[in-house]
Participant: 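Have a look at this one.
The basis for the numbers below is simple: all heavy atoms, side chains too, and nothing from hydrogens, waters or symmetry mates. The chain is numbered in sequence order, starting from 1.
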Amino acid sequence: MLPPRGEGAAGDRAIQQALESAWPTDLPADDERQLLTAGRALLRADATGEGRNRWPAYFVRQETVAPAFSTARFRIQAAIARRDGRPDRAVVHLVWAGTDRGGTYSDGRITDLYFTRTASAKGVSAWVPQPRT
């Protein structure tokens, strides 16, 4: 059972458990950790502007777009990473809360970020975010 909207951080654990129950783990633990770290940072960069320089190719078209959400009033409520059809593709499902520049707070926002695994010349793989379509 999901907590009511506006519950605040107290409801985050229930949201996390609901995501995990709905989508059983299907990635190796290391991949899931890497994807969750990248997904959280990418969402924070997109929403607040903080850290956009880490992904210049992803934000190439948003150079002049002002961040829509306050850094201070932004939080990830829950997140999971799962395969997206093939072993070299994944999606990070995030549920988050924030206050926009107009002062309106809302929680339970949902974002899916897609990643593709790439291999470097040295054989080390990395998860790369895919642009929105």
Side-chain angles (χ1 to χ4, degrees):
M1 182 169 208
L2 291 176
R5 288 199 180 266
E7 178 88 356
D12 293 356
R13 185 169 174 77
I15 297 169
Q16 182 67 41
Q17 289 172 339
L19 281 177
E20 290 171 357
S21 294
W23 289 291
T25 301
D26 61 359
L27 287 166
D30 286 345
D31 286 338
E32 187 172 12
R33 271 192 299 280
Q34 289 174 11
L35 286 159
L36 288 172
T37 298
R40 286 179 176 119
L42 184 59
L43 177 59
R44 180 174 303 283
D46 191 21
T48 69
E50 184 178 290
R52 284 185 181 173
N53 59 343
R54 184 173 166 194
W55 294 281
Y58 188 85
F59 291 109
V60 70
R61 294 188 177 162
Q62 294 190 23
E63 291 174 1
T64 59
V65 176
F69 291 86
S70 161
T71 303
R73 298 279 325 249
F74 174 88
R75 83 174 190 284
I76 308 287
Q77 295 180 272
I80 60 169
R82 301 296 186 254
R83 280 203 172 113
D84 187 32
R86 295 188 347 215
D88 64 338
R89 293 187 183 180
V91 59
V92 178
H93 302 285
L94 300 119
V95 180
W96 57 283
T99 301
D100 65 25
R101 288 185 286 149
T104 303
Y105 174 83
S106 61
D107 60 358
R109 293 172 178 267
I110 298 169
T111 298
D112 287 338
L113 298 174
Y114 295 88
F115 291 80
T116 300
R117 185 193 314 263
T118 61
S120 71
K122 296 180 182 182
V124 177
S125 67
W127 289 99
V128 177
Q130 299 305 297
R132 291 179 216 111
T133 56

Participant: Measure the shortest side-chain to side-chain distance between F69 and R109 over non-hydrogen atoms and say whether it is less than 4.5 angstrom.
Facilitator: yes
Participant: Quick one: pull up OG1 in T104 and CZ in R73 and give me the separation to the nearest 0.5 Å.
Facilitator: 11.0 Å
Participant: Does T111 form a side-chain contact (heavy atoms from CB on, under 4.5 Å) with H93? I'd like the steps, not just the answer.
Facilitator: CA-CA 6 Å; T111 298; H93 302 285; over 6 Å; no
Participant: Which heavy atom of G49 sits nearest a heavy atom of P67, and at what distance?
Facilitator: N-CB, 3.6 Å
Participant: How about Q16 and I80: do any of their side-chain heavy atoms sit closer than 4.5 Å?
Facilitator: yes
Participant: Evaluate the side-chain proximity of V91 to W23: yes if any heavy-atom separation is below 4.5 Å, no if none is.
Facilitator: no
Participant: Could you pull out the closest heavy-atom pair between R82 and E32, with the gap in Å?
Facilitator: NH1-OE2, 2.8 Å
Participant: How far does OG1 of T48 sit from CG of L43, to the nearest 0.5 angstrom?
Facilitator: 8.5 Å
Participant: Does D26 reach the main-chain N or O of R83 with its side chain, forming a donor-acceptor pair under 3.5 Å?
Facilitator: yes
Participant: Answer whether the closest heavy-atom distance between the side chains of V128 and Y58 falls below 4.5 Å.
Facilitator: no
Participant: Looking only at non-hydrogen atoms, find the nearest pair between A78 and L19 and report the distance.
Facilitator: CB-CD1, 3.7 Å
Participant: For residues P24 and S21, report the shortest heavy-atom separation together with the two atoms involved.
Facilitator: CD-O, 4.4 Å
Participant: To the nearest 0.5 Å, tell me how far R52 CZ sits from F59 CZ.
Facilitator: 5.5 Å
Participant: Rounded to the nearest 0.5 Å, what's the gap from CD on Q130 to CG on D84? Could you check?
Facilitator: 10.0 Å
Participant: Same cluster or not: L113 versus W55, using hydrophobic residues (I, L, V, M, F, W, Y) connected whenever any side-chain heavy atoms lie under 4.5 Å apart?
Facilitator: yes
Participant: Calculate, to the nearest 0.5 Å, the distance between atoms OH and CG belonging to Y105 and D100 respectively.
Facilitator: 12.0 Å
Participant: Checking side chain to side chain contact (heavy atoms under 4.5 Å, CB included) between W127 and each of T118, L35, T116, which is the one that passes?
Facilitator: L35
Participant: Please name the pair of heavy atoms, one in L27 and one in A90, separated by the smallest distance, quoted to 0.1 Å.
Facilitator: CD1-CB, 4.5 Å
Participant: Consider salt bridge (charged side-chain N to carboxylate O under 4.0 Å, His left out). Of D30, D88, D31, which one does R117 pass it with?
Facilitator: D31
Participant: Does the side chain of W96 come within less than 4.5 Å of I15's, by heavy atoms?
Facilitator: no
Participant: Donor-acceptor pair, distance only, cut-off 3.5 Å: does the side chain of R89 make one with the backbone of Y114?
Facilitator: no
Participant: Decide yes or no for R40 and L94: does some side-chain heavy atom of the first lie under 4.5 Å from some side-chain heavy atom of the second?
Facilitator: yes
